[in-house]
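Below is one structure; the comments refer to it alone.
Below, chain A is the first sequence line, B the second, and so on; all start at residue 1. Please read all numbers here as calculations on a predicted model, not as lab measurements.
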There are 2 protein chains.
Amino acid sequence: MNATTDALKETRDEFVAQWGAMGSQWGINRTMAQIHALLMTVPEPLDTDAVMEELEISRGNAHTNLKELVAWGLVRIVVRKGERRDFFEAEKDVWKIFTTVARERKRREIDPALGVLRKCAEASAGIDTPEGRAFHEQMKQLEEFVAFASTMADRVAGMKHGFALQMAAKVFGG
Amino acid sequence: MNATTDALKETRDEFVAQWGAMGSQWGINRTMAQIHALLMTVPEPLDTDAVMEELEISRGNAHTNLKELVAWGLVRIVVRKGERRDFFEAEKDVWKIFTTVARERKRREIDPALGVLRKCAEASAGIDTPEGRAFHEQMKQLEEFVAFASTMADRVAGMKHGFALQMAAKVFGG
DNA sequence: CCGAATTTTCAGTAATATCTGAAAACCATG
DNA sequence: CATGGTTTTCAGATATTACTGAAAATTCGG
């Protein structure tokens, strides 16, 4: 354990901690974000015990959050011949991470919102009072916009990284 | 209080409740999202007591979250001549809501993340081991991507709605 | 400057989300 | 089919976040 290794450890800890804090400011739980940060910055897959040790968390916690990361598609289980336990490896390509998160958040957040808006727009269609008309109008506006956002999310998530950059340059002149 | 008015009340309550649930799945607190939903779907500005009554929450809670919404730029205080107390009115234009939220989230989430990544990339620049190189490389990749996202967010948030639609149509053929 | 209306703050409480640790289930191997 | 390694589950403990209610501060008309 020399000075160079210590410096790396320290910087990684900093990154893991900050990434965890960011995550929890989002709807993502701290530990999940921390595990993701850790796995992203490590050259080899880790097993559950390594994650537990590095982050000083319990087995149950490590297990739950690793499973959740796998469910999100951000982490893969890798099996090593001769080894009985699972190892975990994070997707490291930033564009893939982005599209995965975009797809997942769309599914979990945008699509349900759209459902609510459609239902409320429909339920308020016939209410012929100033309040009713205002409400219905607002629901329609929101529904239209969220549907648009949904489509955009799909399209962007389906792009290849190079294409996205090209498009951005073309549209924005950057 | 006739049947039509009841139906509206019920549908609005549904919307408020669901929007609150969505918000809390994000990093936004339930009450703040509910107040926003309420104010968006009401034709006239409301005072604090009206919000308290409608959502059955305490004065302190109403106050805190109204202030927070004002800080986000999603709600305005309106003063009525002859009235001493404040009334609150939500921005109703969906595109303006979107750009406001985009700007605010960029400021609160993307920009700090960029700071962390820059710091970690720099701190790891000279660590010449396989682990160190992998870490540094990942930090650089993330930094580059987040910087790109930051620029995109600014550009999109600066667009007019019509222009955004036009652009989307052009790029995606929708 | 007084008093009423209103806003703001915040200590204490309540609600929610997360984590632990240990037991149970699982599973490959001899 | 018994054993030991490993994963999975989950009830209870802990930590975090949000809310209440009441007191304090502010504002304004007179």
Side-chain angles (χ1 to χ4, degrees), chain A residues 16-39 45-72 74-89 108-109, chain B residues 16-39 45-72 74-89 108-109:
Chain A
V16 167
Q18 294 282 2
W19 206 248
M22 309 247 53
S24 69
Q25 210 171 14
W26 266 39
I28 291 155
N29 97 25
R30 191 195 316 284
T31 306
M32 183 172 154
Q34 286 179 344
I35 295 178
H36 185 230
L38 173 62
L39 290 178
L46 303 181
D47 64 12
T48 304
D49 289 77
V51 172
M52 287 167 62
E53 212 174 298
E54 183 70 31
L55 302 180
E56 301 181 33
I57 59 176
S58 73
R59 181 172 306 283
N61 195 10
H63 175 76
T64 304
N65 286 293
L66 281 165
K67 272 322 236 355
E68 191 66 6
L69 282 164
V70 171
W72 272 68
L74 292 169
V75 164
R76 282 180 294 276
I77 298 174
V78 308
V79 286
R80 286 185 167 169
K81 54 186 174 185
E83 290 278 12
R84 199 152 147 193
R85 62 199 188 287
D86 290 348
F87 285 76
F88 299 90
E89 171 182 64
R108 295 177 189 223
E109 292 162 17
Chain B
V16 167
Q18 294 282 2
W19 207 248
M22 309 248 53
S24 70
Q25 210 169 15
W26 264 42
I28 291 156
N29 97 24
R30 190 194 316 282
T31 305
M32 183 171 153
Q34 286 180 343
I35 296 178
H36 185 229
L38 174 62
L39 291 178
L46 303 181
D47 64 12
T48 304
D49 290 75
V51 172
M52 287 167 62
E53 213 174 298
E54 183 70 33
L55 302 180
E56 301 182 33
I57 59 177
S58 72
R59 182 172 306 283
N61 196 9
H63 174 78
T64 305
N65 286 293
L66 281 165
K67 274 322 238 350
E68 191 67 7
L69 282 164
V70 171
W72 272 70
L74 292 169
V75 165
R76 281 182 294 278
I77 298 174
V78 307
V79 286
R80 286 183 167 172
K81 54 186 175 185
E83 291 277 12
R84 196 151 152 195
R85 61 201 189 283
D86 290 349
F87 285 76
F88 299 91
E89 172 183 63
R108 295 176 189 224
E109 293 162 17

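The closest side-chain heavy-atom distance from B:Glu68 to B:Trp72 is below 4.5 Å. A 4.5 Å side-chain heavy-atom check between B:Leu74 and B:Leu39 finds every atom pair outside the cut-off. With a 4.5 Å cut-off on side-chain heavy atoms, B:Thr48 and B:Arg85 do not count as touching. Between B:Trp19 and B:Leu38, every side-chain heavy-atom pair lies at or beyond the 4.5 Å cut-off. Counting heavy atoms from C-beta outward, A:Asp47 and A:Phe88 have side chains that stay 4.5 Å or more apart.
When the C1' atom of C:dA5 is taken as reference, atom CG of B:Asp86 falls 12 Å away, rounded to whole Å. For the pair A:Trp26 CH2 and C:dA17 P, the interatomic distance rounds to 19 Å; values are reported in whole Å. As a whole-Å value, the separation of B:Gln25 CD from C:dT16 P is 15 Å. Here the C1' atom of nucleotide D:dT7 and the CD atom of A:Glu83 are 15 Å apart, to the nearest Å. If you take NZ of B:Lys67 and P of C:dC10, they are 13 Å apart, rounded to a whole angstrom. Across the protein-nucleic acid pair, B:Arg84 atom CZ and C:dG3 atom P stand 15 Å apart, rounded to whole Å. Spacing between atom CG of A:Leu66 and atom P of C:dC19 amounts to 12 Å, rounded to whole angstrom units. Rounded to whole Å, the distance from CZ on B:Phe88 to P on C:dT6 is 13 Å.
A:His63 has a side-chain polar atom (N or O) that falls below the 4.0 Å cut-off from OP1 or OP2 of D:dT8. Using a 4.0 Å cut-off, no side-chain N or O of B:Arg85 falls inside it from OP1 or OP2 of C:dA5.
Just one residue in the list B:Asn61, B:Asn65, B:Val16 forms a side-chain contact (heavy atoms from CB on, under 4.5 Å) with B:Ile35, and that residue is B:Asn65.
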Give the B/S/- string for nucleotides 15-20 of chain D, one per nucleotide from 5' to 3', where a protein heavy atom under 4.0 Å of the base yields B, of only the sugar-phosphate yields S, and otherwise -. ---SSB
